[in-house]
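Just so it is clear, the values below take in all heavy atoms, side chains as well, and ignore hydrogens, waters and symmetry mates. Just so we're on the same page: letters track the sequence lines, and every chain starts at 1. Not measured: the values here are computed from a predicted model.
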Amino acid sequence: MTRTRFAPSPTGYMHVGNLRTALYEYLIAKSQNGKFVVRIEDTDQGRYVEGAEDIIFRTLKTAGLIHDEGPDIGGPYGPYIQSQRRQIYMDAANHLIESGWAYRCFCAKERLDALHEQDAYAKYDRRCLAVGPTESLARAERGEPYVIRQRVPEGVTNVHDEVYGDVTVNNDEIEDQILIKSDGLPTYNFANVVDDHYMDITHVLRGSEYISSAPKYNLLYNAFGWKIPAYVHLPLITDGEGAKLSKRKGGAASFEDLMEQGFLPEAIINYIALLGWSPGDNREFFTLPELADAFDIRGISKSPSVFDLKKLAWMNGEYIKKMPPDEFYKLALPVLSKAVIRPMDMRKLAAMAQTRVEFVKDTAGLIDFIDNLPEYSTELYVNKKMKTTEEISLRSLSAVREKLKDTPWSKPEVPNSEALHDLLLATAEELGLKNGQVLWPVRIAVSGRQATPCGAAEILHMLGRDESVARIEAGIDKLTRTDAVRPCNS
RNA sequence: GGCCCGUUGGUCAAGCGGUUAAGACACGGCCCUUUCACGGCUGUAACAGGGGUUCAAUUCCCCUACGGGUCACCA
């Protein structure tokens, strides 16, 4: 049975590269009726971050990547936390010592550091390989500190990767790497191999930065006589400057960052699924089940891709538009009620905003003119396409003001926006103006904006007569004043 | 520096010997619209370079250039 695993180390946040790896692991498992396992790789006690595991589980849950086994839910292959498996690694390493594929190394850190000082790329000189088994054991039992190193044989090692194909390296490129550290805990490379084997992992996914250590893994699998899993190395996600995506610049390297910026989890998942993988056709909107259905390892590309926030933003907007109005309303309500104090039909405001925003939070900026008329310049009244000038605007506004004042606007017969719309059009006809020549100035006067999420009539309706008239009068005032001032300037 | 990997428009990408080299984002234009947005139509824009192989190379091979990765008692 297909079994994949997500094996993060608890560093405190979920990098999008990691998230994509988790996603693909999930998709492979789900598409093949397999299991998706989460394992925590905390063998570096120096780097442990409190609460980091919670972030991992929360992120997976929010993203919808539900795991079948893991430290939080258990499973038949536990424990799923590496720090609780130290004996397993130690036993495995000792087994390798017995079979001659590993040896204890008693070299002092200082000596090795000195070696690296001479040559930064120097490999371990294998001095302790010469220590005989009896002496090695005796020294270990005497309490002398040591690490356990892998003994790399002569020859070449071939690695088969599902994405990159076959890669062959000469074994003299490979160092006798440390398997067990002097604190008794395994290194990442060793723990990975041991765990993946004991947990029956069939597909090992990881970033392509690990492809150069894959030969070491194979050597270990062979030393143990274990079956080598399918490797699926994933191309890097970069930031546009060619470097690995990192937190410092845009501040959007992690799932949490993106969520904070207002991206929807579905949109994030959809977008990153398409970074480095293509379904082969032109579809680009996928739910998680649809992804599982369409996913195919052969669609994974080899070259790195740039994380494009703009495209993600577009996709986020698409997700917002597709959302049922009720759902959008629920998300937008907190934003709306903060941006508009005046009693309003929030549901209606939400509906107006929904097709116009890429982020829920942007609804605020769309409707904040409702509470307070923003400061605006009379230049807004001049619109070429609408054929408006300040003079025409003044005429229109004055006429509309008179009409509104005469319109009964007491509670029972508050005109609806259609009635108001008719009223505005009628005004235009009476003045011998085009519709836009009335509608445009009214919008400007009551909103102070040249772009609003709804038309002039709706705004009048929302604001009510008194406020509408007041704003129109303010507009008239502005236009009158500039008319008066202009001659003095020239 | 050694080793490994990669290179199709600004970005994501399809292509898997013969194509007018898709599509999407972004950008420009037009239409729709009382504004904006949506939607529709449309435009600009790419096979890193050089050698082979072949009747035919974006597709296969080699070299060069460029980019990236990796060489820890970190993962």
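Comparing the P positions of B:rA72 and B:rG67 gives an interatomic distance of 24 Å, to the nearest angstrom. Across B:rA21 and B:rA57, the matching P atoms stand 15 Å from one another, rounded to whole Å.
Below 30°, between 30° and 60°, or above 60°: for A:His67 and A:Phe57 the angle between ring planes is below 30°, a parallel geometry. Taking the six-membered ring where the residue is Trp, A:Tyr103 and A:Tyr124 present parallel rings, their angle staying beneath 30° rather than reaching 60°.
Picking from B:rU35, B:rC12, B:rA72 the nucleotide with the shortest atom distance to the side chain of A:Met386 gives B:rU35. In the set B:rC36, B:rU35, B:rC73, B:rU35 carries the atom at the smallest distance from any side-chain atom of A:Arg443. The side chain of A:Tyr164 sits closest to B:rG6 out of B:rG6, B:rC74, B:rU33. Minimum atom distance to the side chain of A:Val306 is reached by B:rU11, of the listed B:rU11, B:rA37, B:rA75.
B:rU59: no Watson-Crick or G-U partner with both key distances under 3.5 Å is found in any strand. Across all strands shown, the partner of B:rC27 is B:rG43, judged by Watson-Crick or G-U wobble contacts whose two distances both fall under 3.5 Å. Across all strands shown, B:rG2 forms a Watson-Crick or G-U wobble pair, both distances under 3.5 Å, with B:rU70. Nucleotide B:rA75: unpaired (no Watson-Crick or G-U wobble partner with both distances less than 3.5 Å).
Here B:rA24 presents its P atom at 16 Å from CG of A:Asp308, a figure rounded to the nearest Å.
No side-chain heavy atom of A:Glu154 sits less than 4.5 Å from a side-chain heavy atom of A:Asn171.
B:rG1 has its base stacked against the ring of A:Tyr121, the centroids being under 5.5 angstrom apart at an interplanar angle below 30°.
A:Asn170 contributes no side-chain N or O that, together with a main-chain N or O of A:Glu173, makes up a donor-acceptor pair within less than 3.5 Å.
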